[in-house]
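Residue numbering restarts at 1 for every chain, and letters A, B, ... go by the order of the sequence lines.
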Amino acid sequence: MSSALEARLEALERHVRELEDRLAIYQLVATYGPGVDTCTKEVVAGLWTEDGTYSASGAGTFEGAAGVAALVDSPSHQGYVERGCGHVLSLPHVTVAGDRAVATGYSQVCVRDGDHWEVRRASANRWELVRTPEGWRVQNRSNHVLDGSEASRDLLRRGVVEAG
Amino acid sequence: MSSALEARLEALERHVRELEDRLAIYQLVATYGPGVDTCTKEVVAGLWTEDGTYSASGAGTFEGAAGVAALVDSPSHQGYVERGCGHVLSLPHVTVAGDRAVATGYSQVCVRDGDHWEVRRASANRWELVRTPEGWRVQNRSNHVLDGSEASRDLLRRGVVEAG
Amino acid sequence: MSSALEARLEALERHVRELEDRLAIYQLVATYGPGVDTCTKEVVAGLWTEDGTYSASGAGTFEGAAGVAALVDSPSHQGYVERGCGHVLSLPHVTVAGDRAVATGYSQVCVRDGDHWEVRRASANRWELVRTPEGWRVQNRSNHVLDGSEASRDLLRRGVVEAG
């Protein structure tokens, strides 16, 4: 194979892998809502690494894939599910660096309130992801309600400023 | 051409087609809101197959591309359009299997209410898609309001569990 | 290199560039919210061309990248930031034509109001983008609140009808 051809093929392969990474991360983020809104623990747990964590302001830190998935058993979550709820995650900003990635975006928890839905929680999210043999997984997700605090802004800012 | 080169090219072509499929499905989902919010029937109809359907809880089943597009004429839809509305669809979870695909996500219908917008309908959506010579089209879309019912959760769950 | 091989490589390179364009535009749109919600002017300014503009119904036209970024200093924006806010942008419809592109979608400004968040502004958005040596940049963004006006619908309609 000529070296020019080899270089073109390698560039294509690299670019395609980069696109695949981004779309895999979109897919991961888009899986979270249906997972928790249906209390399907294996789907939620499947997004995290075995020792991954999820820190949510006001709710504490959930540890391990099984620990994160268990959040669907909490009384507050069960209350939302019974009333009718949707964890709607926005199109995230994504940066990939080798085998690590960060996705930054918003989540809205819409809960039914009679004839309409109220946004009961609107948050900033930072997903710290790692590439594993089974695909991208969450090593840590940090969530902070949009309460005007510097902590909530810092979480969002890091994602888009680090990106350079 | 060497067989190694041929294999690399074929793998690239397959991966690129998979990425194109996913982005075409994102684009389709992102077209729906502007289509119905502007009552542009040809745009809405163009998303469905000729014999495609749209079942929405509380609103019945619309049959055929033209029948689906005609939903924009309904008094309830016209009322929303006059007040000011946005059918906001979330980044969907997507699985593609050959010439069929399923997209699973949320929709929020935001309707103006004085100085703010209310979410008048928040729903789970399952888009069953088929590949046609003209691109991906909706064979059936199922929509269920997030009302705490098992039907609404089942619709979401199927999308992310089938995915394996 | 055989002409058949050359044609396959060129087709792949073209398709990959098209996918990269679309994902770069998603990323740009996903950067806006974290940029303004954290008042990070360099991030906001970095999305626009030097002479780019942003016209928002009810707020006027901001001119130049620095002028657009300065909108974060406005009393109304600062008030939102202090209370806690999220500029949540939807997955956009995107059309690319050479070195120009249009992204069409929704934005919701969620502002904290006690124990929930209110959508204080729901808008239609048309992002007119240009390819620059540094990547895609906004030449003009038009935003119109979803107030039932023909202007708000026209802005949405153009994006999805032009697409053919």
Side-chain angles (χ1 to χ4, degrees), chain A residues 1-2 4-5 8-9 11-23 26 29-30 88-95 103-111 113 117-126 144-150 152-164, chain C residues 1-2 5-6 8-20 22-40 42-44 46-47 78-92 105-113 115-119:
Chain A
M1 206 183 307
S2 77
L5 171 58
R8 284 173 75 179
L9 267 177
L12 273 169
E13 287 165 341
R14 187 173 63 250
H15 291 190
V16 167
R17 276 195 303 268
E18 289 169 357
L19 292 166
E20 288 176 327
D21 284 343
R22 302 184 81 81
L23 285 183
Y26 284 175
V29 169
V88 182
L89 279 83
S90 74
L91 176 70
H93 177 282
V94 175
T95 50
T104 302
Y106 300 92
S107 54
Q108 298 167 300
V109 183
C110 295
V111 180
D113 182 16
W117 280 258
E118 227 179 42
V119 180
R120 297 299 303 179
R121 186 178 174 97
S123 305
N125 292 275
R126 176 182 172 87
H144 202 293
V145 291
L146 297 168
D147 58 2
S149 65
E150 182 53 32
S152 65
R153 286 192 293 274
D154 180 59
L155 189 155
L156 285 175
R157 191 183 289 118
R158 289 164 65 199
V160 295
V161 167
E162 285 168 357
Chain C
M1 205 183 305
S2 77
L5 170 58
E6 178 67 27
R8 283 172 76 180
L9 266 178
E10 283 180 1
L12 273 169
E13 287 165 340
R14 188 173 62 250
H15 291 189
V16 168
R17 276 195 303 270
E18 289 168 357
L19 292 166
E20 289 175 327
R22 302 184 80 81
L23 285 183
I25 291 166
Y26 284 174
Q27 177 85 335
L28 184 156
V29 169
T31 307
Y32 180 79
V36 294
D37 288 326
T38 62
C39 303
T40 312
E42 67 272 24
V43 167
V44 180
L47 303 178
Q78 286 293 317
Y80 286 166
V81 169
E82 279 162 34
R83 286 171 64 186
C85 72
H87 285 68
V88 182
L89 279 83
S90 74
L91 177 70
Y106 299 92
S107 54
Q108 298 167 299
V109 183
C110 294
V111 180
R112 189 166 62 99
D113 182 17
D115 67 350
H116 70 283
W117 281 257
E118 226 180 44
V119 180

Please rank C:His15, C:Glu6, C:Glu42 by heavy-atom pairs under 4.5 Å with chain A and give me the top one. C:Glu6
For the interface with chain C, which of A:Ser90, A:Ala122, A:Ser2, A:Gly105 has the highest count of heavy-atom pairs at distances below 4.5 Å? A:Ala122
Among C:Leu5, C:Val16, C:Val29, which residue forms the greatest number of heavy-atom pairs with chain A at distances under 4.5 Å? C:Val16
Interface residue of largest heavy-atom contact number with chain A, from C:Gly84, C:Gly35, C:Gly46, under 4.5 Å: C:Gly84
Honestly, the part of A:Gln108 sitting under 4.5 Å from a heavy atom of chain C is side chain
Heavy-atom pair count under 4.5 Å with chain C, highest-scoring of A:Leu9, A:Asp147, A:Val94: A:Asp147
Verdict with reasoning, A:Arg22 to A:Glu18, per side-chain contact (heavy atoms from CB on, under 4.5 Å): CA-CA 6 Å; A:Arg22 302 184 81 81; A:Glu18 289 169 357; 5.7 Å; no
Given C:Leu23 and A:Leu23, is the side-chain contact (heavy atoms from CB on, under 4.5 Å) satisfied, shown in steps? CA-CA 9 Å; C:Leu23 285 183; A:Leu23 285 183; 4.1 Å; yes
Contacting moiety of A:Leu155, where chain C heavy atoms sit under 4.5 Å: neither
Which bit of C:Thr31 is near chain A, if near means a heavy-atom gap under 4.5 Å: side chain, backbone, both or neither? both
With side chains defined as the heavy atoms from C-beta onward, is the minimum distance between C:Cys85 and C:Asp37 less than 4.5 Å? yes
Below 4.5 Å, heavy atoms only, C-beta onward: do C:Val81 and C:Cys39 meet side chain to side chain? yes
Side chain, backbone, both or neither: which part of A:Leu19 has a non-hydrogen atom closer than 4.5 Å to chain C? both
Show the numbers, then the answer: is there a salt bridge (charged side-chain N to carboxylate O under 4.0 Å, His left out) between A:Glu20 and A:Arg17? CA-CA 5 Å; A:Glu20 288 176 327; A:Arg17 276 195 303 268; over 6 Å; no
Specify which of A:Leu156, A:Val119, A:Val145 makes the most heavy-atom pairs with chain C at under 4.5 Å. A:Val119
Main-chain N/O of C:Thr38 paired with A:Arg157 side-chain donor or acceptor, under 3.5 Å: yes
Can you label the angle between the C:Tyr26 ring and the A:Tyr26 ring as parallel, tilted or perpendicular, going by 30° and 60°? tilted
